[in-house]
Amino acid sequence: MSPALLLFILIAYFALLLGVAWATSRNATNDSFYIGNKSSNWKLVAFGMVGTTLSGVTFISVPGAVGRDGFGYMQLLIGYVIGYIAVAYILLPLYYRLKLTSIYDYLNQRLGRRAYQSGASFFILSRLLGATARLYLVVNILQAIILDSLGVPFWLTTLVILGMILLYTYQGGVKTIVWTDTLQTSCMLFGLLACIAILLGQMDLSVGQSLARMQEQGLARVFTTAVDSPSFYLKQIVAGVFIVLAMTGMDQEMMQKTISVKTLADSQKNLLALTAILVAVLSLFMFLGGLLSLYAPIAGVAATGDKLFAAVVMGHLPVALQIIFLIALISALFPSADGAITALTSTFCIDLLGLTRRQDLSEQDKVRWRQRVHLGFAALFLLLVMAFKLVDSPSMIGVILKVASYTYGPLLGLFAFGMLTERTLRDRWVPLVTVGGPLICAFFEYNQTLLLGSYRLGLELLMINGILVFAGLWAISRPAPSRISERVAAISLTVDP
């Protein structure tokens with residue numbers, strides 16, 4: 001198919017996004033940008049969050065990993081379900097009771113200014129690295145299938161895509177993203193189902209026959225029972241729980257949309273509905289990966305990992321499916337970047353600049369500051385995507401989960417300490433503790449052969465990191481004075497909310 005036609009489809013899709021943005025961002029304010037005026041429909045939020053949660057990494061990396069790991073991702077998925085239930089019934093009631101705009105304001109109220117700033121800073125680092133890794137993966141594929149043949153350099157492709165994202169998020173923020181994510185999730189899921197149907201038809205297999213063949217070839221294996229393996233099933237399940245607690249429940253991007261729903265009950269419905277949809281969709285992605293691994297030898301496709309899906313579709317399947325694949329791929333790209341830039345802007349403005357608390361600035365001045373920060377994060381995205389281009393890992397989902405183990409661990413430790421204890425902190429030592437946890441983890445991982453023998457660290461690094469930070473915070477803490485113990489108890493989990 002002509003690269004020019006593919007480019008035209010990309011432009012037309014973006015024009016549709018701009019139309020949605022124009023319709024939803026009229027009369028938008030800072031409150032619209034940060035939390036959608038607290039009036040988002042929970043059904044739209046739940047469906048749209050599927051696209052944000054999955055992103056281009058799931059669309060490309062999860063199917064690509066089946067040839068190597070089988071259906072091993074299901075181990076994490078079991079943990080995800082437990083984690084989402086915990087977020088819905090432990091964290092959300094706390095956030096709604098405190099009427100938070102930024103969830104890191106909880107750390108300010110409970111642990112103090114340094115804990116607040118440390119939590120916000122680690123979120124910014126986490127989301128910057130994670131979102132740019134996701135963005136790089138999809139831009140790299142668009143570059144390979146469209147823009148290289150047109151002579152467009154990678155940096156210019158990234159710059160134009162970031163410019164597109166800025167155009168439709170610049171004014172409306174969360175208020176706009178709730179609607180654009182719904183559109184994009186619909187397109188991504190339609191593309192997933194179309195690819196499965198066409199591949200089954202190409203191989204003349206039913207669903208049952210294809211699963212039987214995957215089983216024969218070892219592609220449908222789920223559980224890893226070797227205790228010293230990074231993929232040992234108990235480690236994966238427990239890691240899945242903590243990944244969701246940290247990367248959803250303690251992540252401003254994900255919670256920013258969730259708490260934009262008017263009531264706690266509807267917000268919980270949103271998260272439980274998201275969980276059910278994710279289980280179904282991730283199962284379909286793994287099934288798709290099995291089909292790709294079955295089809296690749298038949299078609300003579302040598303590509304593996306993240307390159308497999310695009311190589312099969314763009315080289316061996318009908319033109320109509322290539323168009324559907326492109327639209328689905330773009331739909332997977334935008335939610336992983338638009339929400340990240342919006343949430344990073346919100347966190348920086350609210351938690352680090354304190355714009356919502358500034359009485360010396362007019363509303364117009366606050367909007368101008370927010371827009372400058374928004375542009376600044378877009379520039380940072382460009383630089384980091386170029387850095388990932390130099391790294392060029394064959395499986396970006398592994399890179400993202402590894403980064404998360406280091407950057408979300410301090411958030412896990414901070415929130416756990418605030419919720420599970422009534423102690424107060426010596427504020428000035430908090431940044432040292434939150435940086436120390438990841439550094440100790442890095443030391444253990446680098447020297448794991450010497451220290452642990454044949455045992456290999458995997459995603460349990462996130463839990464170890466959180467435990468180290470929790471222990472460090474305990475070491476710099478003291479019992480709460482009696483005059484403030486009642487206030488501390490009211491925003492911890494030691495009393496019924």
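Starting from 1, each residue takes its place in the sequence as its number.
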Begin from the C-alpha positions of Met214 and Phe287 and carry the test side-chain contact (heavy atoms from CB on, under 4.5 Å) through to its verdict.
CA-CA 9 Å; Met214 290 176 205; Phe287 179 62; 3.5 Å; yes
Before you tell me yes or no, could you show the steps for Asp69 and Ser231 under side-chain contact (heavy atoms from CB on, under 4.5 Å), namely the whole-Å CA-CA distance, both residues' side-chain angles and the distance that decides it to 0.1 Å?
CA-CA 9 Å; Asp69 302 327; Ser231 301; 5.6 Å; no
Check step by step if side-chain contact (heavy atoms from CB on, under 4.5 Å) holds for Leu317 and Tyr295.
CA-CA 11 Å; Leu317 296 183; Tyr295 184 79; 3.9 Å; yes
Check the pair Tyr73 / Val66 against side-chain contact (heavy atoms from CB on, under 4.5 Å), numbers first and verdict last.
CA-CA 8 Å; Tyr73 197 80; Val66 170; over 6 Å; no
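Panel note: side chain Ser267, backbone Val261; no donor-acceptor pair is recorded below 3.5 Å. For Thr248 (side chain) and Leu245 (main-chain N/O), no donor-acceptor pair under 3.5 Å exists by modelled atom type. A donor-acceptor contact shorter than 3.5 Å links the side chain of Arg110 to the backbone of Gly418. Remark: side-chain polar atoms of Tyr95 are paired, donor with acceptor, to backbone N or O of Gly249 under 3.5 angstrom. In this structure a side-chain-to-backbone donor-acceptor pair under 3.5 Å is missing from Gln143 to Thr157. Although no hydrogens or angles enter the test, the distance criterion places no donor-acceptor pair under 3.5 Å between the side chain of Thr275 and the main chain of Val81. Looking at Asp105, its side chain never comes within 3.5 Å of a backbone N or O of Leu100 through a donor-acceptor pair. Proximity of a side-chain donor or acceptor of Glu422 to a complementary backbone N or O of Pro479 within less than 3.5 Å is not detected. The backbone N or O of Trp474 sits less than 3.5 Å from a side-chain atom of Ser477, completing a donor-acceptor pair.
Contact between Val433 and Leu473 at its shortest, heavy atoms only, is CG1-N, 3.7 Å. Listed here is the closest heavy atom pair of Gly437 and Asn465: C-OD1, 3.3 Å. Taking all atoms of both residues into account, the shortest heavy-atom contact from Gly119 to Leu411 is O-CD2, 3.3 Å. When all heavy atoms are compared, the tightest approach of Ile464 to Cys441 is CG2-SG, 4.1 Å. Nearest heavy atoms, Ala311 versus His316: O-CD2, 3.7 Å. Scanning both residues, Leu162 and Ala378, for their nearest heavy atoms gives CD1-O, 3.5 Å.
The distance from the CG atom of Asp266 to the CG atom of Leu271 is 12.5 Å, given to the nearest 0.5 Å. Here the straight-line distance linking atom CE of Met419 with atom OH of Tyr106 works out to 5.0 Å at 0.5 Å rounding. For the atom pair CG (Leu135) and CG (Leu382), the distance works out to 9.5 Å, reported to the nearest 0.5 Å. A distance of 9.5 Å separates CG of Leu439 from CG of Leu432, quoted to the nearest 0.5 Å. In this structure, Ile277 CD1 and Leu282 CG are separated by 11.5 Å, a value rounded to the nearest 0.5 Å. Note that the CG atom of Leu219 and the CG atom of Leu291 stand 10.0 Å from one another [nearest 0.5 Å].
Partners of Tyr104 under the ring-ring contact (aromatic ring centres under 6.0 Å, His included) rule, at least two apart in sequence or in another chain, are Phe123. Remark: Phe417 engages Phe470 in a ring-ring contact (aromatic ring centres under 6.0 Å, His included) (not counting sequence neighbours). For Phe377, the ring-ring contact (aromatic ring centres under 6.0 Å, His included) partners at least two apart in sequence or on another chain are Phe348. Asp251 meets the salt bridge (Lys or Arg N to Asp or Glu O under 4.0 Å) test with Arg127; sequence neighbours excluded.
Side-chain atoms of Phe444 and Leu461, non-hydrogen and from C-beta on, never get closer than 4.5 Å to each other. Side chains of Tyr89 and Leu272 form a contact here, defined as non-hydrogen atoms less than 4.5 Å apart. Taking 4.5 Å as the limit, every side-chain heavy atom of Ile324 sits out of range of all side-chain heavy atoms of Val313. With contacts defined as side-chain heavy-atom distances shorter than 4.5 Å, the pair Val430/Leu111 does not qualify. Taking the side chain as every heavy atom from C-beta outward, Asn108 and Gln117 never approach each other to under 4.5 Å. Between Val469 and Leu412 there is no side-chain heavy-atom pair separated by less than 4.5 Å. Side-chain contact between Phe154 and Met386 is present, with heavy atoms from C-beta onward closer than 4.5 Å. Two residues are said to be in side-chain contact when any heavy atoms from C-beta on lie closer than 4.5 Å; Met255 and Leu91 fail this criterion.
In the displayed structure, Arg428 atom CZ is contacted under 6.0 Å by at most 12 heavy atoms of other residues, nucleotides or ligands.
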Throw together a table of side-chain donor-acceptor distances under 3.5 angstrom for residues 232-242, partners on residues two or more places apart or in other chains.
residue : atom : partner : partner atom : Å
Lys235  : NZ   : Ser229  : O            : 2.8
Lys235  : NZ   : Tyr455  : OH           : 3.3
Lys235  : NZ   : Arg456  : O            : 3.1
Lys235  : NZ   : Glu460  : OE2          : 3.3
Gln236  : NE2  : Pro230  : O            : 3.2

Could you pull out every donor-acceptor pair under 3.5 Å between side chains of residues 192-206 and any protein atom, sequence neighbours left out?
residue : atom : partner : partner atom : Å
Ser206  : OG   : Gln209  : N            : 3.1
Ser206  : OG   : Gln209  : OE1          : 3.4

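Classification of the Tyr136-Phe388 ring pair by plane angle, with boundaries at 30° and 60°, yields parallel.
Defined by atom type and a distance below 3.5 Å, a donor-acceptor pair is present between the side-chain atoms of Asp351 and Tyr116.
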